Amino acid sequence: MPLPPERVAPHLVRFIAMLDAAFRAQGAAGLPARLAAAVQAVPRHAFVHRFRAGEGRVRNFDAAPEGCLGLIYSDRVLAHVDEGGDILASTNSQPSFVLWLVHLLDVQPGQKILEIGSGSGWLAGILAHLAGGSGRVTGMEIIATLAARSRTDLAACGLGNVTILVQDGALGCPAAAPFDRVIITAGVWDLPSMLFEQVAPEGWLIVPVELSGSSACRVVLLRHVAKHFVEMQGMRGWFVPLTGPSQRRTAPEEDEDAPEPGRLAIYRSAEAPQPGAGRIIEPRGASTLVWTPKL
């Protein structure tokens, strides 16, 4: 049974204020009005059921909702838990960070958007609200139980412009392509090759690229230029790894403080440039990373 709005309202007000402060700390003028409206229209608690915050105990929102609202409307990462009590390889990401990434993605009404690793569906719902009735969101989630629940929760929020598919996100969705915006909410070792075909020319992509010899990722905003992707902005972050046969990692996770080599571009391996001009060429499989010194 849905919670009465007056029970949620104080938590949501505090949540919006926290996000606004986090955006100001990043140098923005606060939480943009469109994004604030999306957060209010697509409430986080509607997509949280059994979960654990940090090393705390497993909680069940459906059984005891009011005791969970403080955690849900905090800036905490929430790990999804299945009916048997096992932690799933999926989280409801830190809100201030993942919503900052959505802000960078600059979603506009009418755009087609792909989310790989849609998990609970909360972020897909935010994206769907931003894209509006003329836009379309496709979410891909490899954990079938999460995908099924997210479909139910998205429908309950009245969001009819989002589709959740159960399959390896590395395959993309050719039937819905090309996409104007893509966000991958899991750490990627080898950029899925389908992105070279399914991201529209000049389309934008956010992807956490795993760093060699590190457990960290370089979370990059990329633009599709000609036949490759070029970095527009990047920052450090940590995400659960993208799973599936395309992600055959060849480097151990070691030093979290491993340096990032420079500015990133990503090519198909068959079309990568030759070493030179200070470039570091790092083949990964289907894709090759090309690092150039930052100016």
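Everything numeric here is computed off the predicted structure, so don't read it as measured data.
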Find the distance between CH2 (Trp238) and CD (Gln94) and round it off to the nearest 0.5 Å.
11.0 Å
Decide whether Val77 and Leu69 are clustered together by the hydrophobic rule: side chain heavy atoms of Ile, Leu, Val, Met, Phe, Trp, Tyr closer than 4.5 Å, transitively.
no
Same cluster for Tyr267 and Leu195 if Ile/Leu/Val/Met/Phe/Trp/Tyr side chains link at under 4.5 Å?
no
Going by the angle between their ring planes, with limits at 30° and 60°, are Phe229 and His224 parallel, tilted or perpendicular?
parallel
Does a side-chain N-to-carboxylate-O contact under 4.0 Å join Glu197 and Arg268?
yes
Any chance you could measure Leu222, atom CG, to Gln233, atom CD, to the nearest 0.5 Å?
11.5 Å
Distance-only, no hydrogens or angles: does the Asn161 side chain make a donor-acceptor pair with backbone N or O of Ala128 under 3.5 Å?
yes
So, for Phe61 and His45, is the gap between ring centers shorter than 6.0 Å?
yes
Quick check on Gln274: does its CD atom have over 12 non-hydrogen neighbours (other residues, nucleotides or ligands) under 6.0 Å away?
no
Verify the cluster assignment for Val13 and Leu19: are they in a single hydrophobic cluster under the rule of side-chain heavy atoms below 4.5 Å apart?
no
Hydrophobic cluster membership, with links at side-chain heavy-atom distances under 4.5 Å among I/L/V/M/F/W/Y: are Met194 and Leu171 in one?
no
ILVMFWY clustering at 4.5 Å (side-chain atoms), partners of Ile142:
Leu88, Ile143, Leu146
Can you tell whether the side chains of Arg218 and Glu210 come within less than 4.0 Å, N to carboxylate O?
no
For the pair Arg52 (side chain) and Leu78 (backbone), establish whether a donor and an acceptor sit closer than 3.5 Å, ignoring hydrogens and angles.
no
Is it the case that one hydrophobic cluster holds both Ile72 and Met18, taking links as side-chain heavy atoms less than 4.5 Å apart, direct or via other members?
yes
If I take atom CZ from residue Phe23 and atom OG from residue Ser96, how far apart are they, to the nearest 0.5 angstrom?
8.0 Å
